[in-house]
There are 2 protein chains.
Amino acid sequence: MADIKQASFEECLQQLMNALEASLLEEAGAQLDELHPSEVAKLLEALPPKDRSLIWPRIKPRVQGEALKEVNEDVQTQLIDEMSVDALVKATEGLDTDDLADIVPNLPETAVHSLLLTLDYKHREHLKKVLTYPQDSAGGLMNTDFITVRSDVTVRTVIRYLRLLKEMPVDTDKVFVVDRNFNYLGSLHVSTLLTEEPEQAIMPLVSTEASKPILANTDEAVVATLFEQRNLISAPVVDEHNQLVGRITIDDVVDVIRDQAEHSVMSMVGLDEEEDVFAPIVQSTKRRSVWLGVNLITAFIAVSFIALFEATLEQKIALAILMPVVASMGGIAGTQTLILVTRGIATGRVTTANIKSLINKEVSVGILNGICWSVVIAVATFYWFDDVGLSVVIGIAIIVNLIVAAFFGAFLPLLLTKLKIDPALAGGVILTTITDVIGFVAFLGLAALVLN
Amino acid sequence: MADIKQASFEECLQQLMNALEASLLEEAGAQLDELHPSEVAKLLEALPPKDRSLIWPRIKPRVQGEALKEVNEDVQTQLIDEMSVDALVKATEGLDTDDLADIVPNLPETAVHSLLLTLDYKHREHLKKVLTYPQDSAGGLMNTDFITVRSDVTVRTVIRYLRLLKEMPVDTDKVFVVDRNFNYLGSLHVSTLLTEEPEQAIMPLVSTEASKPILANTDEAVVATLFEQRNLISAPVVDEHNQLVGRITIDDVVDVIRDQAEHSVMSMVGLDEEEDVFAPIVQSTKRRSVWLGVNLITAFIAVSFIALFEATLEQKIALAILMPVVASMGGIAGTQTLILVTRGIATGRVTTANIKSLINKEVSVGILNGICWSVVIAVATFYWFDDVGLSVVIGIAIIVNLIVAAFFGAFLPLLLTKLKIDPALAGGVILTTITDVIGFVAFLGLAALVLN
């Protein structure tokens, strides 16, 4: 397998695009044959849709299957739509149950039916089991290939059993110990098998505390935290009756962590982490529209407050020039607090228990920064407009806005979380509306008082 | 070990804060003794600094060491500052070399000296080796506990050797095969040892292609990508002479991935992912100030363009009321594109090879959204101000600003990357300055033409 790092992803993509441009499909296909499926997936995501369609049929079915599970949902849908039922079955029949379970909901019904026929009874039952759990739960993340042993055997028996199996599922750092009813009892580290004497009974070696099973309906975010905190490679999944139903491995958890990270950035501007960067223009336009619409409404709300001070603005046009400065400083300061607190909540470090201390701290920072910057802005305003009244007014408005911004930046994310609204998605819009309104009202209102 | 999920982190923190409030230090300490060090670290980060100081001396040295490596840099510095040299040595002497290497740069010199004296020759040499590499490189991430075997032995010999060792380092999914000069030859999966017959020679079992070594000076971001793409649990690290120097394990890579994610969110508003949420007020104020200062300059640049149209504004005050709408719609639309492209660059999916297609697509989306929203805004403006000229002017300004926003949103991140400037940090500020200026100039400029 060629190492894409040495050739550099960029060159690789360029070569592929050149080959496709020149209709050298054979060459392009040969280039992809050299690569790891996850790298093929990345290249597919980086290609414009029409190039994807050209190259896709040239990729080997096994690699297609692996690539399908790696690409984002948009690209997955495009590629599946372009495949025949026959090709789909060929591509997906070799996949792990958990990966298959991710793809199945997006497959056409005829393909699912044909696919199920290719599976033996055991695999079909496994797949059905995984599909009964939500995709973003431990049950949706788990795969069903794991090794179980009984508790009353010796190290030698286990090793003999493993030799009979000839192969272990990937990422097997432990085998699971079950009773005759498949109830989960504990885990046995593979390394223990190698370091202990063959005659040793396994029961004293089995760890129960450190490898507690995960309930199948546990949310994937909680699973990720557990893996991170306990440095797990794999973990057993049980149903509500403590029956062992599956195994989650670190590679799938890493994907969850990546997706969470993407989500927290993308949702700040109303984007979806599963979006294809090359999504069709009309589709992209529609998706972006929603966010622009929400922001248009908030913008009109904010400017309607300016309209209240029309008479004041007419008297002094400098107010119109400077008012965006007051609004923007509040927006920036507030967003700093908002992001700090939102991330704190997402990582669990900020809760109702410590929010009071945090609001106190953030408001204090707001007061200090408000004072500092109000002086700077007042002086700058004086140099520009040579107007003491205006300087004083903008200085006070800045202090007010920075304090309000700090308070709402800290308070809003927790409030939204309690209301079950994603603060990463809605926090920024609401906060900047608040800081805009406060900025305009404080600045123009004070000006109205001073001028009249 | 108690499972913090069951008690819920929030309750746990509340209990701890209550105990500290009531000066029940013994009880608080006992509560922490029950927890996993990574959970202790999380609680420490969630406590206000004065509570941290109270509880810290009550924590067992071994847990202190593990917690020190987990907390963010700000909190680490606070805790280290409050410890005696003796306490520091006790806390850190049990740590892995890679974790120690992360802490050592923040320790006072006397503590480093004492700490080195507690290490045996081998560990001291290991630590020195890790410290020669930058913290954010493969060399800085690696630890030095791994198992090596020679290539000319059988499975039985390796297993016998492992039984002699009695224990394997955590996350050992493979042992490394080296020649007599410690040159890296390949890796042997632990699972292979369990499934193959004892008489089997290991050489045919050694994988070389799939477990290529990582050069010690490789950037940690590249390491993370490699782990993700190849689903690695551990990987060998070699120096420039192919000598095996260390081993990177997935738990450290997961930390890198989390930190990258935090960085990409935090840097958008000039924050540092290593910042303590409860950092001292003056320190926080200073750090936030820089960003507010940069934004103040860009705000003044933007409004200086408004000043050019003072005469026009005086004629029609509705322009002053509506101009923030034009600027904000451009800012939002541009930021959507900016974040999409910046994330694409960060994950390697957007490069110079495909940027042209992407700019075309984004500008097309900008044109479509520009047309849609310009109609909506023009109609809304007409209903508000009953002024056809004003409606037409704002409609055109919106189209212009959304197209410009889409172009710069797509083009800017790649330009900044080429200039070695972090687009996540600088992109937003530059882009909103552009969309503000274009918004003001297009709207007020057109109005000036139409009105005069």
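Note on naming: letters A, B, ... go to the chains in the order of the sequence lines (proteins, then strands), and numbering restarts at 1 for each one. The figures here come from the full heavy-atom set of this structure, side chains too, leaving out hydrogens, waters and symmetry mates.
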Using non-hydrogen atoms only, which part of A:D173 is less than 4.5 Å away from chain B: side chain, backbone, both, or neither?
-> neither
Is any side-chain heavy atom of A:P48 closer than 4.5 Å to a side-chain heavy atom of B:K361?
-> no
Pairwise side-chain contact, A:S38 with B:E228, heavy-atom cut-off 4.5 Å (strictly under) = no
With rounding to the nearest 0.5 Å, note down the distance linking CD1 in B:I332 to OG1 in A:T432.
-> 6.5 Å
Check the pair A:R288, B:L402 against side chain to side chain contact (heavy atoms under 4.5 Å, CB included), reporting the backbone distance first and the verdict last.
-> CA-CA 12 Å; A:R288 311 268 176 96; B:L402 259 60; over 6 Å; no
Taking atom OG of B:S284 and atom CG of A:L368, what is their separation to the nearest 0.5 Å?
-> 10.0 Å
Distance-minimising heavy-atom pair for A:A46 and B:N354 | O-ND2, 2.6 Å
Contact leader toward chain A among B:G348, B:G344, B:A261, B:A302, where contacts are heavy-atom pairs under 4.5 Å = B:G348
Interface moiety of A:A346 toward chain B, non-hydrogen atoms closer than 4.5 Å | neither
B:E70, part contacting chain A, at a heavy-atom distance under 4.5 Å = neither
Top of B:S357, B:P324, B:A320, B:S289 for chain A proximity - count of heavy-atom pairs under 4.5 angstrom | B:S289
Below 4.5 Å from any heavy atom of chain B, which atoms of A:E196 appear? Answer side chain, backbone, both or neither.
-> backbone
Toward chain A, the part of B:L271 with a non-hydrogen atom under 4.5 Å = side chain
Top residue by heavy-atom pair count (under 4.5 Å) with chain B, among A:V325, A:D255, A:L319?
-> A:V325
Cut-off 4.5 Å, heavy atoms of chain B, and the answer for A:T249 is neither
Please state whether the side chain, the backbone, both or neither of A:T172 comes within less than 4.5 Å of a heavy atom of chain B.
-> neither
Straight-line distance of B:T225 OG1 to A:K42 NZ, nearest 0.5 Å | 6.0 Å
Distance from A:I398 atom CD1 to B:L292 atom CG, nearest 0.5 Å?
-> 9.5 Å
Heavy atoms, side chains only, cut-off 4.5 Å: are B:Q14 and A:T351 in contact?
-> no
Count the heavy-atom pairs under 4.5 Å between each of A:L313, A:V254, A:V277 and chain B, then report the option with the highest count.
-> A:V277
Given the options A:L232, A:L296, A:D436, A:I250, which has more heavy-atom pairs under 4.5 Å with chain B than any of the others?
-> A:L296
Engaged part of B:N231 at the chain A interface, taking heavy atoms whose separation is under 4.5 Å = both
Measuring heavy-atom distances to chain B, does A:E273 have an atom under 4.5 Å in its side chain, in its backbone, in both, or in neither?
-> neither
Taking only Lys NZ, Arg NE, NH1 and NH2, and the carboxylate oxygens of Asp or Glu, determine whether A:K166 and B:E197 approach each other closer than 4.0 Å.
-> no
Interface moiety of B:M329 toward chain A, non-hydrogen atoms closer than 4.5 Å | both
What part of B:V376 lies closer than 4.5 angstrom to a heavy atom of chain A: side chain, backbone, both or neither?
-> side chain
Under 4.5 Å from a heavy atom of chain A, the part of B:E314 involved | both
Side chain, backbone, both or neither: which part of B:I317 has a non-hydrogen atom closer than 4.5 Å to chain A?
-> side chain
Distance from B:T381 atom OG1 to A:F300 atom CZ, nearest 0.5 Å?
-> 4.5 Å
Bottom line for B:T352: the part with an atom under 4.5 Å from chain A's heavy atoms is both
Pick one of side chain, backbone, both or neither for B:F440, based on which atoms fall under 4.5 Å of a heavy atom in chain A.
-> side chain
Chain A shares the most heavy-atom pairs under 4.5 Å, among B:R343, B:E275, B:M266, with B:R343
Among the listed options A:T192, A:V350, A:V190, A:N18, the residue most often paired with chain B at heavy-atom distances under 4.5 Å = A:V190
Against chain B, label A:E167 side chain, backbone, both or neither, depending on which of its atoms sit under 4.5 Å from a heavy atom there.
-> backbone
Largest heavy-atom contact set with chain B, pairs under 4.5 Å, which of A:T298, A:D251, A:I306, A:V365 = A:V365
Could you have a look at A:E262, A:M323, A:M268 and say which one has the most heavy-atom pairs with chain B under 4.5 angstrom?
-> A:E262
Could you state the interatomic distance from NE2 (B:H36) to CD (A:Q229), rounded to the nearest 0.5 Å?
-> 7.5 Å
Mind ranking B:I377, B:V282, B:L164, B:L165 by heavy-atom pairs under 4.5 Å with chain A and telling me who comes out on top?
-> B:I377
Counting heavy-atom pairs under 4.5 Å with chain A, the top scorer among B:P280, B:A224, B:A279, B:A424 is B:A279
Most contacts with chain A, counted as non-hydrogen pairs under 4.5 angstrom, among B:S328, B:A380, B:A307 | B:A307
B:L358 portion near chain A, given a 4.5 angstrom heavy-atom threshold | both
Contacting region of A:M17 [heavy-atom separation from chain B under 4.5 Å] = side chain
